[in-house]
Engineer: 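Could you have a look at this structure, given as structure tokens, before my questions?
Numbers here simply count residues along the sequence, with the first being 1. Excluded from the calculations below are hydrogen atoms, water molecules and symmetry mates; all remaining heavy atoms, backbone and side chain alike, are included.
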Amino acid sequence: MRGCDGVVEEQLRELADRLRGPARLKAELIVELRHALSDAAEAYREGGLPATEAQRRAVAEFGTPAQLAPAYQAELAAGALRGLAARALAVAVVLVAAGDLTWRGSSWSAGPPPPEGYLLLSASLNGIWLAVAGLALAGLVLGTRRARRGRAGVPASGRLLGLGLTGALTLGSLAGVALFAWSLGLWEAALTWPPMIVGAVLVGGAYVSLGRAARSWLVAAR
């Protein structure tokens, strides 16, 4: 005979092993299901069933881990998309709004104008991050609507949007690194300009955070 919660916990462990995605959201979903199963088992016990049999009835009522996993995995994918979109939107807004601040007041900003290719890359970078912001807004809306519906399976629209956002983030990050490296090649003083140094550190941290969020979504949606 298992302990009082043995049947329920075995069900939860098997379901958790099947799920992939954000650890915090996954833990929350498992806790919610534990409470629901415990309530159902308690109702069966009050109806006169032994504790272990009551748990078996509750587990059978909710479905097997294989039956539950698609809907829960869809919820994890939607949550991961929301997390990625929220981070991407915040970073995009900051970079577009404050991207030029690192140049203002520098001793080398009044020097010879940069090459046309540099100006083109700088303008393209702003366009990329504006596109990221648009995709991120769409991701927030889709992720929220998907979670409310509670349907099983990751929708094709969510996959396409997530892949588009991940691709745009990758392109924006590579273009940002290239622009920074080009800046250092054009103006050696840029490496000692405090706003440039602070900006590089903050942007680097943002890229790492976005990379983790993108990986979490890819794992949840695969």
Side-chain angles (χ1 to χ4, degrees), residues 21-25 28 75-106 108-109 113-114 116-149 154-184 186-187 190-191 193-221:
R24 179 178 297 180
L25 178 56
E28 291 175 355
E75 175 66 18
L76 285 171
L81 180 59
R82 292 195 303 272
L84 173 60
R87 295 187 192 186
L89 180 60
V91 171
V93 169
V94 170
L95 289 181
V96 171
D100 293 334
L101 294 180
T102 55
W103 307 95
R104 295 181 182 178
S106 63
W108 38 269
S109 59
E116 289 296 324
Y118 181 93
L119 295 176
L120 178 60
L121 178 59
S122 179
S124 299
L125 187 59
N126 284 336
I128 293 170
W129 286 110
L130 285 173
V132 167
L135 290 169
L137 282 173
L140 285 173
V141 172
L142 182 63
T144 301
R145 290 179 59 187
R146 184 68 189 178
R148 289 175 180 173
R149 291 177 182 176
V154 180
S157 58
R159 291 183 186 276
L160 290 175
L161 184 56
L163 288 173
L165 180 55
T166 301
L169 287 170
T170 302
L171 182 61
S173 300
L174 292 175
V177 171
L179 187 67
F180 180 77
W182 200 345
S183 300
L184 298 182
L186 292 174
W187 303 286
L191 190 59
W193 182 240
M196 197 79 166
I197 298 172
V198 173
V201 172
L202 293 178
V203 171
Y207 286 173
V208 171
S209 177
L210 289 172
R212 290 176 177 174
R215 180 182 181 279
S216 179
W217 177 79
L218 289 170
V219 170

Engineer: Are Val94 and Leu202 side-chain neighbours, meaning at least one heavy-atom pair lies under 4.5 Å?
Structural biologist: no
Engineer: Classify the ring geometry of Tyr207 against Trp129: parallel below 30°, tilted from 30° to 60°, perpendicular beyond 60°.
Structural biologist: parallel
Engineer: Which pair of non-hydrogen atoms, one from Val91 and one from Ala206, has the smallest distance, and what is that distance?
Structural biologist: CG2-CB, 3.8 Å
Engineer: Quick one: side chain to side chain contact (heavy atoms under 4.5 Å, CB included) partners of Ala168, sequence neighbours excluded?
Structural biologist: Val132, Leu135
Engineer: What's the shortest heavy-atom distance between Trp217 and Arg159, and which atoms?
Structural biologist: CH2-O, 3.5 Å
Engineer: Please report the interatomic distance CG(Leu174) to CG(Leu179), rounded to the nearest 0.5 Å.
Structural biologist: 12.5 Å
Engineer: Minimum heavy-atom separation for Leu81 and Gly162, please, with both atom names.
Structural biologist: CD1-CA, 4.0 Å
Engineer: Can a donor-acceptor pair be found, under 3.5 Å and without considering hydrogens, that links the side chain of Ser216 to the backbone of Arg212?
Structural biologist: no
Engineer: Where do Trp187 and Pro114 come nearest, in terms of heavy atoms and distance?
Structural biologist: CH2-CB, 3.7 Å
Engineer: What distance separates Thr170 OG1 from Leu165 CG, expressed to the nearest 0.5 Å?
Structural biologist: 9.0 Å
Engineer: Rounded to the nearest 0.5 Å, what separation is found between the CG atom of Leu125 and the CG atom of Leu171?
Structural biologist: 8.5 Å
Engineer: Quick one: list whatever passes side chain to side chain contact (heavy atoms under 4.5 Å, CB included) with Leu218, sequence neighbours left out.
Structural biologist: Leu163
Engineer: Any idea which heavy atoms bring Ala88 and Ala136 closest together, and the distance?
Structural biologist: CB-CB, 4.1 Å
Engineer: If I take atom CG from residue Leu169 and atom CD1 from residue Ile128, how far apart are they, to the nearest 0.5 angstrom?
Structural biologist: 10.5 Å
Engineer: How many angstroms lie between atom CG of Asn126 and atom CG of Leu121, to the nearest 0.5 angstrom?
Structural biologist: 10.0 Å
